[in-house]
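The first residue of the sequence shown is numbered 1, and numbering continues consecutively from there.
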Amino acid sequence: MTTVVIVGAGPTGLTLACGLARQGVAVRVIEKAAAFHRGSRGKTLNPRSLEVLADLGLREQLAAAGRTHLPFRKYFAGEFVNETEPFAGARPSADVPYPASLWLPQTRVERLLRERLAEYGVAVELATELVDFTQSGAGVEVRLADGGRISAEYLVACDGGRSTVRKLLGIPFVGDGDPEPVMVCGDVEVEGLDPGAWHQWFGPQGVFMLCPFEGSRRWQLQASPETDADGRAVAPSLESFQRLAALHTGRPDLRLGHATWLSTWRVNVRMAERYRQGRVLLAGDCAHVHPTAGGLGMNTGIQDAWNLAWKLGYVVRGLAAPALLDTYQEERLPIAAWTLDVTTAGMTAVTEGIGTPGIGVEAGRVGDLTGLSLGYRWSRLATDRLDGPLRAGDRAPDGVCPGPDGEPGRLFDRFAGDHFTLLGFGPSARPALTELPGHVRPVALDDPDGDLRRAYGITGDALVLVRPDHHIALTAPAAGREDVLAYLAALR
């Protein structure tokens, strides 16, 4: 019997599927489209998403596919103004291995996740459309467009802003949106432009931008729509794109060709009132949509899935009670609200900057968009016994941590997987690291230079329990073994 059915094979659904399949959970991913998406769509992974995907085994593949440094070359009314690079000084540090975003199209992210999922024996089922479902205390039955049925313990909707599952549940999608498109998008080939920068033309007539992709002839085009004689937006096409290029750049030598993924974008700022209804859960764009400023769409969905994967896996594996799933909404819904606020403020900043020479899309970075500062201190899963600067619910920092045999290693290497990690700071914490449940990995820290203590805000001997998603679950004194065992027992 299928344990979990995931509807939607975008980055959210694929990340969730990988996180579950790694735990041995029987998962099926269904996708109503007959073929995989070919449009670039989202184009950045922020540092927190890079940590997530590295834990899933994609670190080297992602590094080979994208670029971490991309200058923003800015023009005003067709004239070059300046060039900036938002991550110019970013370098890896002991506690932050990925200090800069990675630029690559969503299609490549999805392909890498599908390849990883295939290693667990799971393939996306294309042309497989959910049309209805019923649920009971024992499970969910999914009805497909071709008459087929799937029985499962849980259903997770990752089927986008127009989610069929959310609509069938009757969950309100609260917020508002603009009925008219404010941007046209597409993938094009470009002649006459340096592929070493993201070119951004701002001015009184709007915005025209061309962003290159590493190892590809494709560029992503984003622009204010062309309008007709009645002021209505013209549908995106290669011909319209070429006219927009001439209007904004003033360069007759700039030629566009082979336009694909023709799309429009409308402002929508909405979020679901709840993320769980019985055995059905929502994630990604199905649960929240927001402006593109800051590039948080794909990232927020991936991080939804990362939060949910270990919890759902623990429930179906019998390591936690179903009540653990309530903490998914408790933790992620406030993050969605923050995301809507910060991207709306960012979009406003970019829009207001269109008429100012030298302003580019970096104006939309009005908050910490790395994802590294986001945590869950308010969660019922956060328990502090030390009251230090780094609190339960926060992201657990990385750091140098030799392996059991003394070989070079890092804390993130010890965290990787679906287990809790119990860090023991100092010799008096060592007794607490013995005879632990099988899903808890003990790590005795030899920290002669005190780097890990500084990163974790630990001044004496102590215990730090880290969740499978790399957030701190519990901080306790070195003698707090019973606190650790009580925390784990409470999950059941």
Side-chain angles (χ1 to χ4, degrees), residues 10-12 41-49 72 74 84 86 101 106 158 160-163 166 171-185 198 200 202-203 206-209 211 220 222-225 233 263-275 282-305 307 329-356 358-376 378:
T12 304
R41 295 173 291 158
K43 57 181 178 291
T44 56
L45 291 170
N46 70 15
R48 182 58 178 151
S49 290
F72 293 3
K74 290 167 286 184
T84 60
S101 291
Q106 183 172 323
C158 304
R162 297 185 177 92
S163 171
R166 188 193 65 241
I171 296 177
F173 206 34
V174 180
D176 53 33
D178 191 335
E180 295 300 319
V182 298
M183 185 180 294
V184 290
C185 312
W198 183 4
Q200 304 172 15
F202 281 31
V207 175
F208 183 81
M209 300 188 291
C211 181
Q220 186 183 88
Q222 297 168 285
S224 303
S263 184
T264 58
W265 182 80
R266 294 169 172 80
V267 175
N268 266 301
V269 184
R270 303 179 187 275
M271 59 187 293
E273 278 194 350
R274 55 189 181 277
Y275 284 11
L282 313 182
D285 287 353
C286 168
H288 43 74
V289 293
H290 49 81
T292 59
L296 292 178
M298 176 166 56
N299 292 287
T300 305
I302 287 171
Q303 291 157 38
D304 281 350
N307 183 285
Q329 172 177 304
E330 179 183 344
E331 294 182 345
R332 292 303 298 175
L333 197 148
I335 297 297
W338 174 87
T339 303
L340 267 61
D341 288 344
V342 76
T343 55
T344 299
M347 181 61 71
T348 298
V350 172
T351 302
E352 292 176 349
I354 287 175
T356 304
I359 296 295
V361 296
E362 78 278 6
R365 303 183 67 86
V366 297
D368 176 18
L369 304 182
T370 67
L372 301 178
S373 65
L374 300 182
Y376 314 117
W378 59 83

**Q** Looking at Trp378 and Glu330, would you say the former's side chain and the latter's main chain have a donor-acceptor pair under 3.5 Å?
**A** yes
**Q** Is any side-chain heavy atom of Leu45 closer than 4.5 Å to one of Ile302?
**A** yes
**Q** Can you tell me how far apart CD (Gln200) and CE (Met209) are? Round to the nearest 0.5 Å.
**A**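 Gln200 atom CD to Met209 atom CE measures 6.0 Å (nearest 0.5 Å).
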**Q** Return the minimal non-hydrogen interatomic distance between Val366 and Ala345, and the atom names on each side.
**A**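 For Val366 and Ala345, the tightest heavy-atom pair comes out as CG2-CB, 3.9 Å.
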**Q** Hey, could you give me the CZ/CG distance between Arg332 and Asn307, rounded to the nearest 0.5 Å?
**A**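 The CZ atom of Arg332 sits 6.0 Å away from the CG atom of Asn307.
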**Q** Over all heavy atoms of both residues, which pair between Pro179 and Arg266 is shortest? Give the atoms and the distance, please.
**A** O-NE, 2.8 Å
**Q** Return yes if a side-chain donor-acceptor contact under 3.5 Å exists between Asp368 and Ser373, otherwise no.
**A** yes
**Q** Can you tell if the side chain of Val269 reaches within under 4.5 Å of the side chain of Val267, non-hydrogen atoms only?
**A** yes
**Q** Between Ile335 and Gln303, is any pair of side-chain heavy atoms under 4.5 Å apart?
**A**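 No, too far: nothing below the 4.5 Å cut-off.
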**Q** Between Trp338 and Leu374, which heavy-atom pair has the shortest distance, and what is it?
**A** CZ3-CD1, 3.9 Å
**Q** Does any N or O in the side chain of Asp304 come within less than 3.5 Å of the main-chain N or O of Gly284, such that one atom is a donor and the other an acceptor?
**A**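 Between the backbone of Gly284 and the side chain of Asp304 there is a qualifying donor-acceptor contact (under 3.5 Å).
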**Q** Ignoring hydrogens and geometry beyond distance, is a side-chain donor-acceptor pair present between Lys43 and Gln106 at under 3.5 Å?
**A** no
**Q** Is the closest side-chain heavy-atom distance between Tyr275 and Glu331 below 4.5 Å?
**A** no
**Q** Please tell me if the side chains of Pro181 and Met183 come closer than 4.5 Å, counting only heavy atoms from C-beta onward.
**A**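 No - every pair of side-chain heavy atoms lies 4.5 Å or more apart.
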**Q** Are Lys74 and Glu362 side-chain neighbours, meaning at least one heavy-atom pair lies under 4.5 Å?
**A** yes
**Q** Return the CG to OG distance between Asn299 and Ser101, rounded to the nearest 0.5 Å.
**A** 7.0 Å
**Q** Taking all non-hydrogen atoms of both residues, which atom of Gly301 and which atom of Thr12 are closest, and how far apart?
**A**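 Result for this residue pair: CA-OG1, 3.2 Å.
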**Q** For the atom pair CE (Met298) and OG1 (Thr292), what is the distance rounded to the nearest 0.5 Å?
**A** 13.0 Å
**Q** Should the heavy atoms of other residues, nucleotides or ligands under 6.0 Å from CZ of Arg162 be counted, would the total exceed 12?
**A** no
**Q** Would a distance-only check, ignoring hydrogens and angles, find a side-chain to backbone donor-acceptor pair under 3.5 Å from Ser163 to Arg166?
**A**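 Confirmed, Ser163 side chain pairs with Arg166 backbone.
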**Q** Is there side-chain contact between Leu296 and Val342, with heavy atoms separated by less than 4.5 Å?
**A** yes
**Q** Verify whether one side chain among Arg270 and Asn268 offers a donor that lies under 3.5 Å from an acceptor in the other.
**A** yes
**Q** Check Val289 against Gly161 and note the closest heavy-atom contact, atom names and distance.
**A** CG1-CA, 4.0 Å
**Q** With rounding to the nearest 0.5 Å, note down the distance linking CD1 in Ile354 to OG in Ser224.
**A**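 Here the interatomic distance stands at 5.5 Å.
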**Q** Within this structure, what is the CD-CZ distance for the pair Glu273 and Phe173, rounded to the nearest 0.5 Å?
**A** 11.5 Å
**Q** Any side-chain heavy-atom pair from Thr370 and Arg48 closer than 4.5 angstrom?
**A**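 When only atoms from C-beta onward are counted, Arg48 and Thr370 do not touch, as no gap falls below 4.5 Å.
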**Q** Using a distance-only test with no angle check, is there a side-chain donor-acceptor pair under 3.5 angstrom linking Asp341 and His290?
**A**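 Distance-only check fails for Asp341 and His290.
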**Q** Could you tell me which non-hydrogen atom of Leu369 sits nearest to which non-hydrogen atom of Gly294, and how far apart they are?
**A** CD1-CA, 3.3 Å
**Q** Name the orientation class of the two ring planes belonging to Phe72 and Trp198 (parallel below 30°, tilted from 30 to 60°, perpendicular beyond 60°).
**A** perpendicular
